[in-house]
Protein chains: 2
Amino acid sequence: MESDDVPSGLRERKKRETRIALSWAAIRLTVERGFDNVRVEDIAAEAGVSPRTFNNYFAGKGEAIAARQVERARAIAEELRARPADEPLWEAITNAALARFALGQDSHREPADQQWVEGVRLMVSEPALQGEFLKAAAAVEAEFAAVVAERTGTDPELDLYPKLVAAAVGGAMAVAVEHWLRTEPPGAVTDLLRDAFAQLSQGLPTPRRTT
Amino acid sequence: MESDDVPSGLRERKKRETRIALSWAAIRLTVERGFDNVRVEDIAAEAGVSPRTFNNYFAGKGEAIAARQVERARAIAEELRARPADEPLWEAITNAALARFALGQDSHREPADQQWVEGVRLMVSEPALQGEFLKAAAAVEAEFAAVVAERTGTDPELDLYPKLVAAAVGGAMAVAVEHWLRTEPPGAVTDLLRDAFAQLSQGLPTPRRTT
DNA sequence: CCCGATTATTGCGCACTCCGCAAAAATTCG
DNA sequence: CGAATTTTTGCGGAGTGCGCAATAATCGGG
């Protein structure tokens, strides 16, 4: 009956670990070999469970891969919730997103992952996965909208506002990341995110020619 | 080698017709029976082609269903391109979207489709399809971004701006339609769209309590 | 109008996916 | 420890997506 508490028994920990192991294995193999060259069987083997068990956790390869994005998005929503209530909305959103992105940024910065970045590019351009990523984003957007509604005193059922903000934020993050992946000397995602949110909060005015 | 001209031979017309017939059949059957109770075989039969041919046109059921959304989104992009260049961007976007949505709105307004609306609700809440819809939206967003870039003199490769606008617009439309489908006495989508775009163009300021 | 060239449709086969079901293994709790 | 709960696993089957090659339809020049 409980909704989201953490019993933290041994059982729950193992489940969590298996889930993460499966998701991670799916990502790693896909980045290395390409989505179509990875079978569920391989992923399960990598995580040390039976193929059937994979489907107890995820409905398909795509979902397993997108699971980690979901986690991050959730974390951003929680980060936002934890922000001081008197902080202006867009400032809070920007800070929340930046905090989480910066987190995963410098954690594994090795020069050797040049090849890995290339694999990621291929992965995100896989049509089957794009849908999955977007679906994942949409799933979390509802949650995000709820937090925004809390902060602004609006009602997700009646007002467009919270979901509009959630959709815009989700889109902005996607655009920023996409742009970042496409840029050859990879700069800082955080700068792109800051820029994107700033433009959003200003009503996306036609920028004056910066060239 | 030609990119998108219309040879208008008999062959191309038939192909287009088959494509539309398949897409339409997929939607109709899904709305009536639910996504999982429709087999590719059924869709093909409805359109008068072999099951194998279905896969020559679409990679799966979901893609067939989303195909019509793609078409509409494309139409909006073209509508935007056709707008006078001196019209302010957000006005042009709003008008373009409104024109296309109003088009499909009153075309088949019968009291008998109460049941149909219910089916559509079920359809859009199907997880497998949400991903597909979003993927379709993303596909067109690039096109939309290109038009925005044209209008504003920005470069999709360098500036975040055009894609940011495209993402925001796509998200806003999705939110508006979702809200509209959830509202019991179905009002006018166009009003919701107008509202959504207005909020976007004003930077999504925290609304003052309207209750 | 007809015939060769091009293109679409179709049937067949196969690898893979996803899920229901029930047995086996693991974990929890009294 | 031992029974109850939960998870893992193997099996089986319905569906899917696509390559391949044969067949049918369309096109375009003579």
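Only this structure's heavy atoms are used, side chains among them; waters, hydrogens and symmetry mates stay out. Note on naming: letters A, B, ... go to the chains in the order of the sequence lines (proteins, then strands), and numbering restarts at 1 for each one.
In this entry the distance linking CG of B/Asn37 with C1' of D/dA14 reads 13 Å, nearest Å. Taking atom CZ of residue A/Arg13 and atom C1' of nucleotide C/dA26, one finds them 15 Å apart after rounding to whole Å. Computed from coordinates, the A/Asp36 CG to D/dT16 P distance equals 19 Å when rounded to whole Å. If you measure from atom CZ of B/Phe35 to atom P of D/dA14, you get 20 Å, rounded to the nearest angstrom. Whole-Å rounding puts the A/Arg11 CZ to C/dA25 P distance at 15 Å. The NZ-P distance, from A/Lys15 to C/dA26, rounds to 17 Å in whole Å. When rounded to the nearest whole Å, the span between CD of A/Glu12 and P of D/dT7 equals 7 Å. D/dG15 atom P lies 13 Å from atom CD1 of B/Ile43, rounded to whole Å.
With rounding to the nearest 0.5 angstrom, the CG atom of B/Asp195 is 8.0 Å from the CG atom of A/Leu164.
An OP1 or OP2 oxygen of C/dT27 is reached within less than 4.0 angstrom by a side-chain nitrogen or oxygen of A/Lys14.
Atom CZ of B/Arg33 is surrounded by more than 12 heavy atoms from other residues, nucleotides or ligands within 6.0 Å. More than 12 heavy atoms of other residues, nucleotides or ligands lie within 6.0 Å of CZ in A/Arg83, so this atom counts as buried by the packing criterion. Annotation: A/Glu150, atom CD; neighbour count of heavy atoms from other residues, nucleotides and ligands within 6.0 Å is above 12.
Of the charged side-chain nitrogens involved, at least one lies within less than 4.0 Å of a carboxylate oxygen, so that B/Arg182 and B/Glu178 count as a salt-bridged pair. Ion pairing between a basic and an acidic side chain is recognised when a charged N comes within 4.0 Å of a carboxylate O; B/Glu71 and B/Arg74 show no such pairing. Using a cutoff of 4.0 Å between basic side-chain nitrogens and carboxylate oxygens, A/Arg19 and A/Glu63 are not scored as salt-bridged. Taking 4.0 Å as the cut-off between side-chain N and carboxylate O, A/Lys15 and A/Glu12 do not count as a salt-bridged pair.
Within a heavy-atom distance below 4.0 Å of DNA chain D, the residues of residues 52-63 of chain B found are B/Arg52, B/Asn55, B/Ala59, B/Gly60, B/Lys61.
Proximity note for B/Ser50 (side chain, C-beta onward) versus D/dT8, C/dG11, C/dA8: the nearest is C/dG11.
End-to-end axis angle of the helix from C/dC1-D/dG30 to C/dG30-D/dC1, using five pairs per end and rounding to 10°, comes to 30°.
When each of A/Asp36, A/Val38, A/Asp42, A/Leu122 is checked for a side-chain contact (heavy atoms from CB on, under 4.5 Å) with A/Thr30, only A/Val38 meets the rule.
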